[in-house]
2 protein chains.
Amino acid sequence: MRSYGQYCSLARALDVIGDRWTLLIVRELAARGPSRYTDLRHGLPGIATNMLADRLREMEENDIVRREEAPPPIATTLFSLTERGEELTPVLFALGRWGVALMDERGDDEWRGYWLKYPLEQLFADAAPGEPPVTLELRTGDGPVVVETVDGAVRVHSGSAEQPDAVLTGDPEDVIELLKGSIDVRAARRRGVQVEGDAKAVARVRPRI
Amino acid sequence: MRSYGQYCSLARALDVIGDRWTLLIVRELAARGPSRYTDLRHGLPGIATNMLADRLREMEENDIVRREEAPPPIATTLFSLTERGEELTPVLFALGRWGVALMDERGDDEWRGYWLKYPLEQLFADAAPGEPPVTLELRTGDGPVVVETVDGAVRVHSGSAEQPDAVLTGDPEDVIELLKGSIDVRAARRRGVQVEGDAKAVARVRPRI
DNA sequence: CCGGATCCGGGTTGATACTG
DNA sequence: CAGTATCAACCCGGATCCGG
């Protein structure tokens with residue numbers, strides 16, 4: 001990106017991370033940890049492969065991304081955030097928080113389940129922190145994600161749970177509305193969400209005030 | 001801007017404010033309040049006039065900016081942030097905070113004194129909150145700015161002070177280093193900073209922790 | 001002077017094909 | 001798997017012009 005040429009920390013930051021796709025690459029690496037080139041492409045639907053290669057190179061030069069050649073038996077290239085890259089999480093949070101108001105209709109937007117990680121961990125909490133922890137599994141289109149209550153907070157990671165208290169299957173919009181509490185289990189079922197297991201466990205994951 | 005087409009609040013936010021210049025226009029309006037087109041141009045050195053007009057129109061459509069025709073005797077167009085636009089300040093703060101580490105050399109970057117407003121208000125405080133408040137005037141190139149201690153915090157606005165406790169004149173880099181405390185008055189003078197008035201008042205404005 | 005609109009050249013991005 | 005190469009489309013920057 002062409003520099004703004006201003007002696008201002010905001011402008012300097014935008015010189016480095018203001019390019020198209022850059023912050024979404026940071027999102028991918030923050031949500032999934034060290035990732036292969038191909039996995040990044042999968043998490044960035046619509047990106048051109050040369051664009052991803054260019055951005056990764058620039059971000060490496062700017063000390064945001066680190067490239068590691070994993071030794072056998074993995075034998076692949078892994079991209080991960082540097083410490084300086086991790087420090088961008090407050091930026092992701094602020095932008096993501098502001099963008100919540102824009103999440104009106106799903107349309108035909110792309111969707112990956114693990115994109116829920118930071119929204120849920122930041123904006124949701126355990127509604128009954130005194131009770132024994134619960135585990136949910138969400139199946140919303142691509143790979144499943146696990147949602148757990150831990151010390152009153154919510155933790156999210158990709159993968160399946162061994163013994164989930166409940167499993168939610170359906171469109172992301174509907175599952176999210178169910179977790180938000182803006183619709184109940186009955187209404188969610190009417191929209192096509194499958195709720196298996198303990199419906200009470202679902203109500204444990206709720207927005208912070 | 002072309003949409004990323006992702007059902008993710010970060011991507012949605014970037015759809016709206018990810019364009020070049022957009023966040024800098026927000027900075028201008030946040031730091032100076034309602035502004036005329038020409039003043040915005042002055043605060044955004046390097047912007048093409050059609051670009052500013054385009055961005056303002058898009059930002060108006062996206063409910064970030066409001067355009068008002070001020071009645072006589074002002075009789076000009078004023079641009080200001082909507083409530084939704086004001087809600088972008090956490091984004092400016094997060095990005096600006098991250099960019100501080102990039103503020104190494106001034107080079108021939110452009111500079112406006114009021115760009116100090118948010119950095120100083122956020123990152124600095126009154127080192128002796130119990131003492132009577134002090135007022136500084138900074139003259140660093142373009143218009144002067146007033147720095148005041150208020151209830152232990154620091155407030156900044158454009159303009160001149162009537163009875164400043166001290167006046168600092170010099171290059172922005174040097175004045176900032178003096179306020180940060182990384183150089184003392186003696187060293188600042190050696191670099192060409194003029195310190196008039198009470199040097200003790202200068203030491204009242206210091207980085208938090 | 002204020003608030004733009006128009007035009008054009010160049011740089012950035014997107015889509016697809018191809019490769020070690 | 002991890003990219004390069006190519007080319008078209010679009011966005012941006014710079015200059016100029018224009019109606020109040």
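It should be emphasised that the depicted structure is a prediction, and the values quoted were computed from it without experimental measurement. Numbered from 1 within each chain, the chains take letters A, B, ... in sequence-line order.
Each end of the helix from C:dC1-D:dG20 to C:dG20-D:dC1 gets its own axis from five base pairs, and the two axes differ in direction by 30°, given to 10 degrees.
Proximity of a side-chain donor or acceptor of A:Arg206 to a complementary backbone N or O of A:Leu179 within less than 3.5 Å is detected. The main-chain N or O of B:Tyr4 is found under 3.5 Å from a side-chain atom of B:Asp15 such that the two form a donor-acceptor pair. Formation of a donor-acceptor pair under 3.5 Å by the A:Asp165 side chain with backbone atoms of A:Thr135 is found in this model.
Residues A:Glu105 and B:Tyr7 bring no donor and acceptor atom of their side chains to less than 3.5 Å of each other.
For residues 169-183 of chain A, the salt bridge (Lys or Arg N to Asp or Glu O under 4.0 Å) pairs, not counting sequence neighbours, are A:Asp174-A:Arg191, A:Glu177-A:Arg191. Under the salt bridge (Lys or Arg N to Asp or Glu O under 4.0 Å) criterion, the residue pairs touching residues 134-153 of chain B are B:Glu137-B:Arg139, with sequence neighbours excluded.
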Give every donor-acceptor pair under 3.5 Å between a side-chain atom in residues 43-64 of chain B and any protein atom, sequence neighbours left out.
unit_1: B:Thr49; atom_1: OG1; unit_2: B:Tyr37; atom_2: OH; d: 2.8
unit_1: B:Arg55; atom_1: NE; unit_2: B:Arg20; atom_2: O; d: 2.8
unit_1: B:Arg55; atom_1: NH1; unit_2: B:Glu58; atom_2: OE1; d: 3.2
unit_1: B:Arg55; atom_1: NH1; unit_2: B:Glu58; atom_2: OE2; d: 3.4
unit_1: B:Glu60; atom_1: OE1; unit_2: B:Arg67; atom_2: NE; d: 3.0
unit_1: B:Glu60; atom_1: OE1; unit_2: B:Arg67; atom_2: NH2; d: 2.9
unit_1: B:Asn62; atom_1: ND2; unit_2: B:Glu58; atom_2: O; d: 3.2

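In this structure, CD of B:Glu69 is placed 15 Å from P of C:dC2, rounded to the nearest angstrom.
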Reading nucleotides 3-17 of chain C from the 5' end, what letters show protein touch, with B for base, S for backbone sugar-phosphate only, - for no heavy atom under 4.0 Å? SBBBB-----SBBBB
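Under the ring-ring contact (aromatic ring centres under 6.0 Å, His included) criterion, A:Trp98 pairs with no residue at all, not counting sequence neighbours.
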